[in-house]
Amino acid sequence: PQSNQWLVASYADNKIWKVDNSTAAISELIKPSNYKNDVGYAFYSHHPDTIFILCDGSLLLYLPQKNKWSKINLPSPWNNGTVTCMATDAAGNYWLGTRRKGLIVYNVLTKKIWTPYKDIKEANIIHALEYDKASNCMWIASYSTGLHQYNFADSSLRHIQRDDADINA
């Protein structure tokens, strides 16, 4: 949408709504009929002209300026996990957090998928991802194991320990 609009996903109704900030008008963003069964759970955008709609086992790509849609299907066994969050690293890989399959990384050019570490996969539910360009790392927030930092320089993974006794933590 334009800069004065935002999107809302209603996964219970399997609908996407556009909301205009200046007029408060709400309208449905109609998906093409071949994507009607793809339920959107969240959105990701790393460029103003590109919106990803995160679904079960796939990503819908929407280009609002051209009103074009496409779909990236994840291969088995990742195709049966809900994609909950997304980030893009400096190499253009898509980092995908899922509800049942943990963390996966998808290379758009080669179509290959890999998991950085098994302990992140065992975290099972990834809530948030954020690429930190200044530190060249990916921040990973999971439901069961907390916060992790993946460092691209040495491919290391660090679990960030929380000290509950520290009031600044």
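Scope of the values below: all heavy atoms of this structure, side chains included, with no hydrogens, waters or symmetry mates.
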Item to complete: Determine whether the side chains of K31 and N14 contain a donor N or O and an acceptor N or O closer than 3.5 Å.
Response: yes
Fill in: Residue pair I30 / W69: nearest heavy atoms and the distance that separates them
O-CZ2, 3.8 Å
Worksheet item: Any chance CD of E130 has more than 12 other-residue heavy atoms, nucleotides or ligands included, within less than 6.0 Å?
Response: no
Worksheet, complete the sentence: In short, A87 meets L129 closest at the heavy-atom pair CB-CB, 3.8 Å
Worksheet item: Looking at side-chain heavy atoms only, is the closest gap between Y62 and N67 below 4.5 Å?
Response: yes
Worksheet item: Given the rule that I, L, V, M, F, W and Y join up when any side-chain heavy atoms are under 4.5 Å apart, are L109 and Y94 in one cluster?
Response: no
Worksheet entry | Straight-line distance of S142 OG to I126 CD1, nearest 0.5 Å | 5.0 Å
Worksheet item: How long is the gap from CG on D56 to CG on N37, to the nearest 0.5 Å?
Response: 11.0 Å
Discussion item. Please determine whether side chain to side chain contact (heavy atoms under 4.5 Å, CB included) holds for the pair C85 and H127, giving the CA-CA distance in whole Å, both sets of side-chain angles, and the decisive distance to 0.1 Å.
Written reply: CA-CA 6 Å; C85 55; H127 285 289; 5.9 Å; no
Worksheet item: Just by distance, do the side chain of T82 and the backbone of T84 share a donor-acceptor pair under 3.5 Å?
Response: no
Practice prompt. Find out if a path of hydrophobic residues (ILVMFWY) with successive side-chain heavy-atom gaps under 4.5 Å connects V39 to M86.
Written response: no
Worksheet entry | Distance-only side-chain donor-acceptor flag, S156 / N151, under 3.5 Å | no
Worksheet entry | Residue among L74, D38, I53, N79 satisfying side-chain contact (heavy atoms from CB on, under 4.5 Å) with S58 | D38
Practice prompt. Hey, could you give me each pair passing ring-ring contact (aromatic ring centres under 6.0 Å, His included) that has a residue in residues 15-42? Not counting sequence neighbours.
Written response: Y11-Y41
Item to complete: List the atom of W139, the atom of D132, and the distance in Å for their closest heavy-atom pair.
Response: NE1-OD2, 3.4 Å
Worksheet item: Rounded to the nearest 0.5 Å, how far apart are CD1 of I16 and CG of L60?
Response: 7.0 Å
Practice prompt. For C137 and Q149, work out which heavy atoms get closest and say how close.
Written response: SG-NE2, 3.3 Å
Worksheet, complete the sentence: Of all heavy-atom pairs linking D89 and M138, the shortest is CB-CE, 4.2 Å
Practice prompt. Go through the steps for L96 and L59 under the test side chain to side chain contact (heavy atoms under 4.5 Å, CB included), then give the verdict.
Written response: CA-CA 10 Å; L96 308 171; L59 305 171; 4.1 Å; yes
Worksheet item: Are L61 and T50 close enough, and set up right, to give a side chain to side chain contact (heavy atoms under 4.5 Å, CB included), and what steps lead you there?
Response: CA-CA 7 Å; L61 175 60; T50 307; 3.1 Å; yes
Worksheet entry | Closest non-hydrogen atom pair between L147 and H159, with its separation | O-CD2, 3.3 Å
Worksheet item: Between H148 and A141, is there a donor-acceptor pair closer than 3.5 Å when you use the side chain of the first and the backbone of the second?
Response: no
Worksheet entry | Y131 versus N136, side-chain donor and acceptor atoms under 3.5 Å | yes
Worksheet item: Should the ring pair F152 and W95 be called parallel, tilted or perpendicular, given that the plane angle runs from 0 to 90° and is split at 30 and 60?
Response: perpendicular
Worksheet entry | Intermediate values then yes/no, side chain to side chain contact (heavy atoms under 4.5 Å, CB included), T115 and V105 | CA-CA 6 Å; T115 55; V105 182; over 6 Å; no
Worksheet, complete the sentence: Between the CG atom in D20 and the CH2 atom in W6, the distance rounded to the nearest 0.5 Å is 11.0 Å
Fill in: Reported CG-to-CD1 distance for the pair N93 and I104, which is rounded to 0.5 angstrom
12.0 Å
Worksheet item: Which residues pass the ring pair (Phe, Tyr, Trp, His ring centres under 6.0 Å) test with Y106, sequence neighbours left out?
Response: none
Item to complete: Identify, with sequence neighbours excluded, every residue that meets ring pair (Phe, Tyr, Trp, His ring centres under 6.0 Å) alongside Y44.
Response: H46
Discussion item. How about NZ on K112, more than 12 heavy atoms from neighbouring residues, nucleotides or ligands closer than 6.0 Å, or not?
Written reply: no
Worksheet item: Short question: side chain of T88, backbone of G92 - any donor-acceptor pair under 3.5 Å?
Response: no
Worksheet entry | Interatomic spacing from CD in E28 to CG in D13 - rounded to 0.5 Å | 9.0 Å
Worksheet item: Side chains of L29 and L7: closer than 4.5 Å at any heavy-atom pair?
Response: yes
